[in-house]
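One structure below.
Computed from heavy atoms alone, side chains included, the values below leave out hydrogens, waters and symmetry copies. Owing to the predicted nature of the structure, the values given are computational and were not obtained by experimental measurement.
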Amino acid sequence: MIAEDQIVGINELELPSVEYFRVALSEQTHELRKKAIGYIKHDICSDVIDMFVAEPTFKRIDDRARNDVLEWVATTAQKRQDAAHELGQISKRYDRTNERKLNVAECIGRKVWLSIRERKFEGLQTANGILEQVRTVAKKENVSGARDKDTIREIWNAYRGVFHLGMAIDHREDYPETTQNVLFLAEAIRRELSEHCPRGTKKPYVDASEQIIFVYKTELWGPRFKGRGLPFYKG
């Protein structure tokens, strides 16, 4: 069962900054991630506002529409300032520990995805299963944070519902000729993880109820102002 708060819409103005949403996903709980996603949307909105107000087109729209925009910008400014502060704290946690953990989770995820696509359907915590394979490589390459069995299991449990976005971003970077929208690719990966089970089991690699689902939406941002039609985030 997919809950409403699992679904995150990303619109055409946010899509070029999709890698910043990966930073939000590095937070370690669902609630913290949802808050972080909201902060990033506010931060992107600030950039859009600055560009919009500086455009010659803005000066040519009628006074009422222009005043509506400026009033809305003023009354929502504190939200964007608070978001910028919170993002600073999130970035510190990301640089200090969370990026490394998310990288490990994505490494596990790639192993799982490859196992699905090769129709092997390997287990995760079995002897020489996927977690043990990743741990073996981490020990060999001296990768911090993935050499301990308990730690790698904790990382998988914490991030298994969100690493598909980072996998999709990496795939697009590795294969720039790919024409598929990164959100569509992330959704394809997410579905495979939630629809396939390790061999001999009936429990999917990642239950859909644990995942964040990214969808492309063009009508996500709030008030649209007469004469321009440019939306702003209202969260």
Side-chain angles (χ1 to χ4, degrees), residues 3 5-11 14-47 80 82-113 124 130-131 134-135 137-138 141-174 182-183 185-190 193-194 205-216 233 235:
D5 77 337
Q6 290 176 248
I7 300 173
V8 174
I10 295 180
N11 69 17
E14 297 165 339
L15 191 58
S17 302
V18 69
E19 68 274 9
Y20 294 116
F21 289 92
R22 182 179 177 273
V23 176
L25 298 179
S26 71
E27 294 286 271
Q28 296 190 55
T29 69
H30 181 71
E31 290 305 316
L32 289 175
R33 288 168 191 149
K34 289 290 288 187
K35 288 181 180 179
I37 288 168
Y39 298 146
I40 286 174
K41 287 177 176 289
H42 278 299
D43 197 54
I44 294 171
C45 183
S46 293
D47 293 338
R80 291 187 294 278
D82 293 343
H85 172 76
E86 294 295 337
L87 279 177
Q89 301 305 308
I90 290 168
S91 295
K92 288 179 181 178
R93 291 193 291 272
Y94 179 80
D95 292 338
R96 188 165 58 244
T97 60
N98 288 348
E99 181 185 19
R100 172 178 49 79
K101 293 178 181 179
L102 189 55
N103 285 340
V104 171
E106 290 170 357
C107 181
I108 299 169
R110 281 189 287 273
K111 285 274 191 181
V112 173
W113 194 39
L124 279 159
I130 290 172
L131 293 187
V134 173
R135 192 173 78 90
V137 172
E141 299 183 1
N142 199 30
V143 177
S144 175
R147 291 170 289 176
D148 177 81
K149 288 184 178 180
D150 291 336
T151 300
I152 200 168
R153 190 179 298 115
E154 289 172 3
I155 289 173
W156 170 252
N157 289 337
Y159 291 101
R160 62 189 177 192
V162 298
F163 63 77
H164 47 280
L165 181 65
M167 282 180 59
I169 293 170
D170 287 346
H171 188 81
R172 284 295 304 272
E173 291 177 351
D174 292 340
V182 69
L183 298 185
L185 179 57
E187 176 60 8
I189 295 170
R190 182 199 70 78
L193 294 165
S194 65
Y205 283 102
V206 186
D207 194 276
S209 64
E210 301 177 64
Q211 295 174 315
I212 286 183
I213 300 168
F214 295 93
V215 296
Y216 183 70
Y233 180 55

Checklist entry - Is there a donor-acceptor contact under 3.5 Å linking the side chains of Y94 and R100? => result no
Checklist entry - So do L183 and V215 actually touch side chain to side chain, heavy atoms under 4.5 Å? => result no
Checklist entry - In Å, rounded to the nearest 0.5 Å, how long is the span from CG of L131 to CG of L124? => result 5.0 Å
Checklist outcome for this item: Heavy atoms of Y159 and A105 approach each other most closely as CB-CB, 3.5 Å
Next on the checklist: Between V112 and V206, does the side-chain contact (heavy atoms from CB on, under 4.5 Å) criterion hold? Intermediate values first, please.
Outcome noted: CA-CA 10 Å; V112 173; V206 186; over 6 Å; no
Item to check | Heavy-atom closest pair, residues S17 and I44 | outcome: CB-CD1, 3.8 Å
Next on the checklist: For D148, is there an ion pair with R153 - N to carboxylate O distance below 4.0 angstrom?
Outcome noted: no
Checklist entry - Any idea which heavy atoms bring A84 and D43 closest together, and the distance? => result CB-OD1, 4.5 Å
Checklist entry - About how many Å separate OH of Y39 and CD1 of I90, when rounded to the nearest 0.5 Å? => result 6.5 Å
Checklist entry - Quick one: does I152's side chain get under 4.5 Å of R135's, heavy atoms only? => result yes
Item to check | K101 with E106: basic N within carboxylate O range, under 4.0 Å | outcome: no
Checklist outcome for this item: When rounded to the nearest 0.5 Å, the distance separating CD of E86 from NZ of K35 is 8.5 Å
Next on the checklist: Taking R160 first and then E210, would you say they form a salt bridge - that is, a charged N and a carboxylate O separated by under 4.0 Å?
Outcome noted: yes
Next on the checklist: A side-chain contact here means heavy atoms from C-beta on lying under 4.5 Å apart; do R80 and S46 qualify?
Outcome noted: yes
Checklist entry - W156 and Y205: aromatic ring centres closer than 6.0 Å? => result no
Item to check | Flag side-chain contact, heavy atom, 4.5 Å: L102 against I155 | outcome: no
Next on the checklist: We want to know whether H30 and D5 form a side-chain donor-acceptor pair, criterion being a heavy-atom distance below 3.5 angstrom.
Outcome noted: yes
Next on the checklist: Return the SG to CE distance between C107 and M167, rounded to the nearest 0.5 Å.
Outcome noted: 10.0 Å
Item to check | F21 vs I10, side-chain contact (heavy atoms from CB on, under 4.5 Å): CA-CA, chis, key distance, verdict | outcome: CA-CA 10 Å; F21 289 92; I10 295 180; 4.1 Å; yes
Item to check | Worked verdict on Q28 versus L32 for side-chain contact (heavy atoms from CB on, under 4.5 Å) | outcome: CA-CA 7 Å; Q28 296 190 55; L32 289 175; 5.5 Å; no
Checklist entry - Which pair of non-hydrogen atoms, one from I40 and one from A24, has the smallest distance, and what is that distance? => result CD1-CB, 3.6 Å
Checklist entry - What heavy-atom pair brings A208 and S194 nearest, and what distance separates the two atoms? => result N-CB, 4.0 Å
Checklist entry - Among E187, R190, H164, whose side chain to side chain contact (heavy atoms under 4.5 Å, CB included) with F214 holds? => result H164
Item to check | Minimum side-chain heavy-atom gap H171-D174 below 4.5 Å | outcome: no
Item to check | side-chain contact (heavy atoms from CB on, under 4.5 Å) assessment of Y20 paired with I37 | outcome: CA-CA 9 Å; Y20 294 116; I37 288 168; over 6 Å; no
Checklist outcome for this item: The side chain to side chain donor-acceptor pair (under 3.5 Å) partner of E27 among K34, R93, R33 is R93
Next on the checklist: Could you tell me if the side chain of N98 sits less than 4.5 Å from the side chain of V23, heavy atoms only?
Outcome noted: no
Item to check | Which atom of V18 lies closest to which atom of I169, heavy atoms considered | outcome: O-CD1, 4.0 Å
